[in-house]
There are 2 protein chains.
Amino acid sequence: MPHSDLARQLKAIGDPTRLRILGLLPRVKTCQAGYNVSQLAGELGIPQPTVSHHLKILFQADLIRCEKMCRDAYYWINEPAVEVVCDSFQAICRCDPAQSAAEDHRQSSK
Amino acid sequence: MPHSDLARQLKAIGDPTRLRILGLLPRVKTCQAGYNVSQLAGELGIPQPTVSHHLKILFQADLIRCEKMCRDAYYWINEPAVEVVCDSFQAICRCDPAQSAAEDHRQSSK
DNA sequence: ATTTTCCATTGATATATTTCAATACATCAA
DNA sequence: TTGATGTATTGAAATATATCAATGGAAAAT
């Protein structure tokens, strides 16, 4: 995964409102669905368009999934993607700089 | 940890240039230190003030540490902090919304 | 058909961020 | 002391982001 993609996902996560949203969303697509968007807005105490905006950013970063039921839209966390983000970030921090520099050199000289 | 603090750390991480920097920094304070700031700038192909700016953001987010040696400044990753960030984020995503809502209620009614 | 409900989008404003040249500051060398 | 080296800061410009009122559009209820 290129750093730019991972950065976009981390940036999507790096907002207090969006962290609050993630804390309210269910981890799985549940039948007795949790909050619809309006209820989410009520719970957060912020206007609905603002919530939709943040949901869009999280969705475009592939961090949440969505399903429309009747008139409502229900979102839930894309757990596998969350795991990948954490793993990818830790891989960068755990990677030996000298070794990866060597790898980059091997790749670019192919 | 409040969401705003975690968000600031995640936001600091969520930038492609800063991810590249983290990929180049050693994971520990090493004697045969890796790059000083100028060498880092050379390696990244961007001006030194830009690198200093990004290092400052990472430093203020407590994600890296710094030591001045002679004229040079050497930075390295604050690994424990990185682990805490990942754990905190995963805790938010893994938390059961209904349960935490109940906890919030118990706390606020104390 | 009309109204209500729910969500997404648009548009506008305020704020924040990224980038880098220029400069300041400190340390070392000659 | 003068010049060179390494880093941080300042200031300016371009871009990006967060926020929300107003609006559009779709689905359900009356």
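Within every chain, numbering begins at 1; the chains are lettered A, B, ... in the order of the sequence lines, protein sequences first and strands thereafter. No experiment lies behind these values; they were computed from the predicted model shown.
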A:Ile77 versus A:Arg65: any side-chain heavy-atom pair under 4.5 Å?
no

Any side-chain heavy atom of B:Leu10 within less than 4.5 Å of one from A:Asp15?
no

Where each residue is assigned the nucleotide of DNA chain D containing its nearest heavy atom, which of A:Cys70 and A:Thr17 is assigned the position nearer the 5′ end?
A:Thr17

For A:Ile46 and for A:Lys11, find the nucleotide of DNA chain D with the closest heavy atom, then tell me which residue's nucleotide is more 5'.
A:Lys11

Detail all sub-3.5 Å separations between protein N/O atoms and N/O atoms belonging to nucleotides 6-15 of chain D.
| residue | atom | partner | partner atom | Å |
| --- | --- | --- | --- | --- |
| D:dG6 | O3' | B:Asp72 | OD1 | 3.2 |
| D:dT7 | OP1 | B:Val37 | N | 3.1 |
| D:dT7 | OP1 | B:Ala73 | N | 3.0 |
| D:dT7 | OP2 | B:Ser38 | N | 2.8 |
| D:dT7 | OP2 | B:Ser38 | OG | 2.6 |
| D:dA8 | OP1 | B:Tyr75 | OH | 2.6 |
| D:dA8 | OP2 | B:Ser52 | OG | 2.8 |
| D:dA8 | N7 | B:Gln48 | NE2 | 2.8 |
| D:dA8 | N6 | B:Gln48 | OE1 | 3.4 |

Just distance, no hydrogens or angles: give the donor-acceptor pairs under 3.5 Å from side chains in residues 78-85 of chain A, sequence neighbours left out.
| residue | atom | partner | partner atom | Å |
| --- | --- | --- | --- | --- |
| A:Asn78 | ND2 | A:Asp62 | O | 2.9 |
| A:Glu83 | OE1 | B:Gln90 | NE2 | 3.1 |
| A:Glu83 | OE1 | B:Arg94 | NH2 | 3.3 |
| A:Glu83 | OE2 | B:Arg94 | NH2 | 3.2 |

Which side-chain N or O atoms in residues 53-60 of chain B pair as donor and acceptor under 3.5 Å with protein atoms at least two apart or in another chain?
| residue | atom | partner | partner atom | Å |
| --- | --- | --- | --- | --- |
| B:His54 | ND1 | B:Arg18 | NH1 | 3.0 |

Flag yes if A:Ile13 and A:Trp76 sit in one hydrophobic cluster, no otherwise; membership is Ile, Leu, Val, Met, Phe, Trp, Tyr, and two members link when side-chain heavy atoms are under 4.5 Å apart.
no

Hey, where on DNA chain C does chain B first and last touch, going 5' to 3'? Cut-off is any atom under 4.0 Å from a heavy atom.
C:dT17 to C:dC28

According to side-chain hydrogen bond (donor to acceptor under 3.5 Å, both in side chains), who are the partners of B:Ser38, at least two apart in sequence or on a separate chain?
none

Using the test side-chain hydrogen bond (donor to acceptor under 3.5 Å, both in side chains), find all partners of A:Asp72 that sit at least two apart in sequence or belong to another chain.
A:Asn36, A:Tyr74

I need the minimum non-hydrogen distance between A:Cys86 and B:Phe89, along with the two atoms involved.
SG-CD2, 3.6 Å

